[in-house]
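Each chain gets a letter, A, B and so on, in the order the sequences are listed, and its residues count up from 1.
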2 protein chains.
Amino acid sequence: MDEETGRRGAPTISEVADAAGVSRATVSRAFTRPGMLSPGTVARVREVAGRIGYVPNQVARALSTGRHGNIALIVPDVANPFFPPLIRGAQARADLAGYCLFLGSSDEAPEREETLVAKFAGQVEGLILVSSRLPEERIRAFAERRPIVVINRDVSGLPRVLIDTARGIAAAVDYLADLGHRRITYVTGPAASWSNQQRRHAVRRAARRRGIEMIALPAHRASFEAGREAVPEILATGATAAIAFDDVTAQGVLVGLAERRIPVPERFSVIGCDDVLGATTFPPLTTVSARCDEAGEMALDLLEDQLAGRGLRDIRCVLDTRLVVRGSAGPAPAA
Amino acid sequence: MDEETGRRGAPTISEVADAAGVSRATVSRAFTRPGMLSPGTVARVREVAGRIGYVPNQVARALSTGRHGNIALIVPDVANPFFPPLIRGAQARADLAGYCLFLGSSDEAPEREETLVAKFAGQVEGLILVSSRLPEERIRAFAERRPIVVINRDVSGLPRVLIDTARGIAAAVDYLADLGHRRITYVTGPAASWSNQQRRHAVRRAARRRGIEMIALPAHRASFEAGREAVPEILATGATAAIAFDDVTAQGVLVGLAERRIPVPERFSVIGCDDVLGATTFPPLTTVSARCDEAGEMALDLLEDQLAGRGLRDIRCVLDTRLVVRGSAGPAPAA
DNA sequence: CTGTTAGCGCATTCAC
DNA sequence: GTGAATGCGCTAACAG
């Protein structure tokens, strides 16, 4: 008994073996492959184990088998509403497959992400990196040690799931064009983000196709505030609608507009991206749905394939998107 | 070389020892207690290790030392904005102390939480349970095995950090009373939640003290929608202000009000709780600050004390709160 | 079906 | 300052 904590060392497999009058191997099998034992023995061993309070030591088991039954999922920021649905999707699948999901949040800092990955790498079967801020070479280096699946980052040679917002954004631009908007703005996200570049290009392409004007506005800081602060600039361009990098940014635009008493969508239209806010804004945000939950599920499936030895190394899953029409975009105001 | 994956087994301490022409013990010491070795040896060993790509096996190390260097933090729902700041606080402290933080999200399901705790228990030094939905006896049982700190749950005998919203809520009620409100509503949160009960009582007490009327409205479902759907009922009571269980619920109330074109705070006042939304609503939410980040930091400090053998078992840290005045509450409208 | 033997990779006594 | 032996708790052959 540990005098300091009042906690005693956990009972080991040997103690159970002695108490039950069997060998340690039998105890082990009673927990890992009950089918190999006679039902009676299994019951007896388990009964004794339960009474003593024996719980198999995961760490020892992992050392012996090389299998830990854990998967790590690392996101840039748990506070960003984009990730929870994705996390939930991955977790659901992990449960099904009998894995325990470890979550890590890097706070958008590459160094923190590096530390996390390194720490996790030793204790999990494989990892999923979401919107990683790591240099590609680092990701590849880690992938050398452990199976890695990336989400929202197009690293060739690794299994990856990409959310292709191009289609959804094209639909958004079409929608605005059909509503009579001739000049729109795109409110930028993190410059280093793969998603941001992809979305920017998509808006530009679609606008060109429809023959309407598109102006990209740099975001000076992250998400919400970026959107809010961009409002004066947006207005200065003379545009009648804005597509934002993500929903949080769009929410910022919404608030900035509200502060200026500019009614949405009557005088200005706003469209977000990701559909993570649901209808929690006013007016409810029209947005491009990203199906983040499916991304999480798919990543876990890919990882599972990887772990099972089946599954290609260089697979690229692309998730489609579509426009979700709610109430934040309407006809262009008469000039 | 594993033909299936193209990944080879990680180099072990022995390979480094051979390559460097020293014993395994020396390699081990080069990483764990460099002070015991001559500087030259340390440098040489590390150089060789780096070249070979040797990384100490955490699992083996943990089995040998009984120390894993991990701490688990389990929250009911990563999607709830209440938790990210708390997580961040804990993570910052964990970094400082050299621990790696494992996150778990139970989706508000006690069974999931149970599974998570059980899985984690074997791989961490200790755990932090935030707003746990587990029966007290289960928490106690786990605490028998591993040091546990709880947040927002008053489990006697365990180190716990509680956010005492009473003071902040009293201030909120005072604020409303001073503004001339005579009848207010409290929009309830999860019935099973310790925080909810505490907050409800606090509102009631303060209202009684100030001689104003308080009506509690049950939330039919979770957070945002609960708030939005409660609006008709709120209005039906004839109240002129509402205090919501948390900011997300308050945001729902705000949207419900906006949908009915009821201007806030001119015609109705809303106050939230937790201060997790910042100024991202319109109008910016007046709320009771909960200092969630400090709760996370404090919990980790307590756990550290626990692990170091110092620190009491039955310690109860109470964090104070205060009213943050922004723009969602104003003078009671003239009747 | 069950017991025996031999590691998994590392940290840690002891000797030297 | 460094090496040789021992064990952490468990699983996985191999016998019987």
(request) Summarise how protein sits on nucleotides 8-16 of chain D as a single string, 5' to 3': B when a protein heavy atom is under 4.0 Å from the base, S for sugar-phosphate-only contact, - for no contact. (result) BBBBBB---
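Remark: side-chain polar atoms of A/E113 are not paired, donor with acceptor, to backbone N or O of A/S132 under 3.5 angstrom. Checked by atom type and distance alone, the side chain of A/R44 pairs as donor or acceptor with a backbone atom of A/A20 at under 3.5 Å. Proximity of a side-chain donor or acceptor of B/R46 to a complementary backbone N or O of B/A30 within less than 3.5 Å is detected. Between the A/D77 side chain and the A/A79 main chain, a donor and an acceptor come within less than 3.5 Å of each other. Side-chain atoms of B/E125 come within 3.5 Å of backbone atoms of B/G69 as a donor-acceptor pair (strictly under, hydrogens ignored).
Within the structure, ring-ring contact (aromatic ring centres under 6.0 Å, His included) contacts touching residues 13-54 of chain B (residues at least two apart or in different chains) are B/F31-B/Y54. Applying the ring-ring contact (aromatic ring centres under 6.0 Å, His included) test to every pair with at least one member in residues 64-96 of chain B, sequence neighbours left out, gives no pairs at all.
Side-chain atoms of B/S156 and B/R140 include a donor-acceptor pair closer than 3.5 Å. For the residue pair B/N70 / A/Q123, a side-chain donor-acceptor distance below 3.5 Å is found, with atom types taken as modelled.
Using five terminal pairs a side, the axes of the helix from C/dC1-D/dG16 to C/dC16-D/dG1 at its two ends make an angle of 30°, given in steps of 10 degrees.
The ring-ring contact (aromatic ring centres under 6.0 Å, His included) check on B/F102 picks up A/F102, A/F120, with sequence neighbours excluded.
From the 5' end on, the contacts that DNA chain C makes with chain B at under 4.0 Å to a non-hydrogen atom open and close at C/dG9 to C/dT13.
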